[in-house]
Amino acid sequence: EVIHDAPKRINLHFANAYQPRSPFSHCRDDLIDTLKRMLDDALREHQDVEVVVCSSWLNEFRPFQMLFPESWTKSFEPVYDYWPTYGWWGQYMTHEGRFHRDNGRRFREMRRHPLTAGEASCGVQELLDHLGLE
């Protein structure tokens with residue numbers, strides 16, 4: 001079913017292109033600049049985009065949340081139908097691309113993922129304002 005009144009969305013997918021460095025500490029400024037450029041490029045081609053969305057465990061990871069306005073975190077909805085993806089399993093990889101021992105230990109102890117994967121979103125203009133790009 002096609003919903004014609006649905007807002008146009010940019011769906012973000014993240015991978016650590018900075019390995020072995022962390023995009024949330026050593027490369028944070030570049031990560032923000034890259035996100036700004038991506039939004040600018042997308043909006044240049046698709047002026048009707050209204051919403052930015054991401055489905056990942058990163059939505060419960062505080063350094064990732066800080067890239068987005070408060071409404072992003074408040075919008076979070078758990079999603080349980082994409083189990084075999086990095087949307088869930090990426091939390092077991094360190095920024096260096098190795099096994100994340102602490103999260104693996106937490107998974108074994110708790111018998112559930114340390115961070116819940118799910119979808120978060122915000123308005124594209126709200127994100128641009130948050131990032132300081134108008």
Side-chain angles (χ1 to χ4, degrees):
E1 172 184 356
V2 176
I3 302 173
H4 294 283
D5 294 336
K8 300 281 183 169
R9 299 164 31 133
I10 294 173
N11 195 331
L12 301 177
H13 297 268
F14 277 80
N16 184 2
Y18 302 99
Q19 282 180 347
R21 296 173 295 163
S22 168
F24 302 111
S25 56
H26 301 98
C27 307
R28 188 174 193 283
D29 290 341
D30 189 63
L31 175 63
I32 291 170
D33 288 342
T34 301
L35 182 56
K36 288 178 183 179
R37 284 194 315 274
M38 185 275 309
L39 290 169
D40 188 45
D41 290 348
L43 290 172
R44 199 171 17 264
E45 291 215 20
H46 306 281
Q47 293 91 17
D48 56 346
V49 168
E50 298 174 31
V51 176
V52 178
V53 63
C54 181
S55 300
S56 175
W57 65 272
L58 286 166
N59 289 317
E60 287 207 320
F61 185 59
R62 188 69 184 146
F64 182 78
Q65 292 172 337
M66 298 302 293
L67 297 173
F68 301 92
E70 188 177 335
S71 63
W72 181 273
T73 303
K74 289 182 177 181
S75 75
F76 180 77
E77 292 285 334
V79 176
Y80 297 102
D81 64 351
Y82 53 86
W83 289 105
T85 70
Y86 280 123
W88 278 96
W89 295 97
Q91 63 189 290
Y92 300 102
M93 184 184 303
T94 67
H95 63 272
E96 297 170 323
R98 297 183 177 137
F99 177 65
H100 197 296
R101 292 180 187 274
D102 288 342
N103 282 355
R105 178 188 48 75
R106 290 175 62 203
F107 179 73
R108 287 187 297 275
E109 289 172 357
M110 297 185 313
R111 298 188 175 270
R112 63 177 177 79
H113 294 288
L115 299 171
T116 301
E119 184 173 288
S121 64
C122 68
V124 69
Q125 189 58 52
E126 185 181 9
L127 179 54
L128 291 171
D129 293 344
H130 178 77
L131 294 172
L133 181 66
E134 301 173 358

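For reference, positions follow the sequence shown, starting with 1.
- A donor-acceptor contact shorter than 3.5 Å links the side chain of Gln91 to the backbone of Leu115.
- With a 4.5 Å cut-off on side-chain heavy atoms, Asn16 and Glu96 do not count as touching.
- More than 12 heavy atoms of other shown residues, nucleotides or ligands fall within 6.0 angstrom of atom CD in Glu109.
- Nearest approach of Leu67 to Phe24, heavy atoms of both residues: CD1-CE2, 4.1 Å.
- Look at Glu119 and Arg9 and you find a salt bridge, because one of the NZ, NE, NH1 or NH2 atoms lies within 4.0 Å of a carboxylate O, short of that distance.
- Counting non-hydrogen atoms of other residues, nucleotides and ligands closer than 6.0 Å to CE of Met38 gives a total above 12.
- At least one side-chain heavy atom of Val52 sits less than 4.5 Å from a side-chain heavy atom of Trp72.
- Rounding to the nearest 0.5 Å gives a distance of 12.0 Å between SG of Cys122 and CD of Glu70.
- Residues Asp40 and Arg37 are not paired through a salt bridge, judged by the lack of any N-O separation under 4.0 Å between the basic side chain and the carboxylate.
- What you find for Phe64 and Leu58 is that their closest heavy atoms are CD2-O, 3.1 Å.
- The closest side-chain heavy-atom distance from Pro23 to Phe14 is not below 4.5 Å.
- With values rounded to the nearest 0.5 angstrom, Arg108 atom CZ is found 10.5 Å from Asn103 atom CG.
- Among residues two or more places apart in sequence or in another chain, the side-chain contact (heavy atoms from CB on, under 4.5 Å) test is passed with Thr73 by Gln65.
- Looking only at side-chain heavy atoms (C-beta outward), Thr34 and Tyr18 come within less than 4.5 Å of each other.
- Between Val49 and Val124, the shortest heavy-atom contact is O-CG1, 3.3 Å.
- Without hydrogens or angle criteria, His130 side chain to Phe68 main chain gives a donor-acceptor distance under 3.5 Å.
- Here Leu31 contributes atom CG and Lys36 contributes atom NZ; the two are 11.0 Å apart, rounded to the nearest 0.5 Å.
- Within the structure, salt bridge (Lys or Arg N to Asp or Glu O under 4.0 Å) contacts touching residues 54-66 (residues at least two apart or in different chains) do not occur.
- Surrounding CZ of Arg105 are more than 12 heavy atoms belonging to other residues, nucleotides or ligands, all under 6.0 Å away.
- Under the 4.5 Å side-chain contact rule for hydrophobic residues, Leu131 and Leu128 share a cluster.
- Closest approach of Ser22 and His95 over heavy atoms only: N-CD2, 3.5 Å.
- One hydrophobic cluster holds both Phe107 and Tyr80 under the rule that ILVMFWY side chains link at heavy-atom gaps under 4.5 Å.
- Aromatic ring pairs are classed by plane angle as parallel below 30°, tilted from 30° to 60° and perpendicular above 60°; the pair His113 and Tyr92 is tilted.
- With values rounded to the nearest 0.5 angstrom, Ser71 atom OG is found 14.5 Å from Phe76 atom CZ.
- The backbone N or O of Ser121 lies less than 3.5 Å from a partner atom in the side chain of Ser75, making a donor-acceptor pair.
- Between the side chain of Asn59 and the backbone N or O of Cys54 there is at least one donor-acceptor pair closer than 3.5 Å.
- A 4.5 Å side-chain heavy-atom check between Leu35 and Leu12 finds at least one atom pair inside the cut-off.
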